[in-house]
Amino acid sequence: MSWSFDWSWVEPTVAFLGLGVITLISRSFFMIPERELSMPDWLKRGLKYAPLAALTAVIAPELFMTQGEFIHTLRDARLPGALCAAAYYFWRRDILGTIVIGMAVYLPLHIGWGW
């Protein structure tokens, strides 16, 4: 009788535990020091733009690309929807209205006309 042990569970378990430890350390890193860490002024100024940069990195590919390639036509409902939403935002500075206007332009073009 030969005994064979299946070790296929080891690698996923080590990866899972390692990722958990890395996540725990990186998320709690700001609580480790007893006093506030000083940052250079250039870093503080740069961190102000991090949310905008992250939002742009998420939205821009969704607006200008389809299935990993740039769109080749202006007949895409996302473009007029984004332009109208941006124009409304700069006019009124209202987030909810921006979403409503963008969707009010996008949905009829996409669903109604098949853009």
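To the nearest 0.5 Å, atom CD of residue Glu62 and atom OG1 of residue Thr66 are 8.0 Å apart. In this structure, the separation between NZ on Lys44 and OG on Ser38 is 7.5 Å, given to the nearest 0.5 Å. With values rounded to the nearest 0.5 angstrom, Ile59 atom CD1 is found 10.5 Å from Phe64 atom CZ. Taking OH from Tyr88 and CD1 from Ile99, the interatomic distance works out to 11.0 Å, rounded to the nearest 0.5 Å. With rounding to the nearest 0.5 Å, the separation of OG1 in Thr56 from OH in Tyr49 is 12.5 Å.
Pro108 approaches Val105 most closely through the heavy-atom pair CD-O, 3.5 Å. Residues Ala85 and Thr98 approach most closely at O-CG2, 3.4 Å, considering heavy atoms. Smallest separation of non-hydrogen atoms from Ser8 and Pro12: O-CD, 3.1 Å. Here the closest heavy-atom approach between residue Trp115 and residue Pro80 is recorded as CZ3-CG, 4.1 Å.
Atom CG of Leu55 has more than 12 neighbouring heavy atoms from other residues, nucleotides or ligands inside a 6.0 Å radius. Annotation for Arg93: atom CZ counts as buried by contact number, over 12 foreign heavy atoms lying within 6.0 Å.
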### Query
What do the steps show when you test Ile101 against Tyr89 for side chain to side chain contact (heavy atoms under 4.5 Å, CB included), and what is the final call?
CA-CA 9 Å; Ile101 294 296; Tyr89 177 77; over 6 Å; no
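When the side chains of ILVMFWY residues are joined at heavy-atom separations under 4.5 Å, either directly or via intervening members, Ile111 and Met103 end up in a single hydrophobic cluster. A single hydrophobic cluster is not seen to contain both Leu24 and Phe16; linkage of ILVMFWY side chains at heavy-atom distances under 4.5 Å, directly or through other members, places them apart. When hydrophobic clusters are built by joining Ile, Leu, Val, Met, Phe, Trp and Tyr residues whose side-chain heavy atoms come closer than 4.5 Å, directly or via intermediates, Phe70 is grouped together with Leu63. When hydrophobic clusters are built by joining Ile, Leu, Val, Met, Phe, Trp and Tyr residues whose side-chain heavy atoms come closer than 4.5 Å, directly or via intermediates, Leu19 is not grouped with Val21.
With hydrogens and angles disregarded, no donor-acceptor distance shorter than 3.5 Å links the side chain of Asp76 to the backbone of Leu79. Looking at Trp113, its side chain never comes within 3.5 Å of a backbone N or O of His110 through a donor-acceptor pair. One N or O on the side chain of Arg78 and one on the backbone of Met65 form a donor-acceptor pair closer than 3.5 Å.
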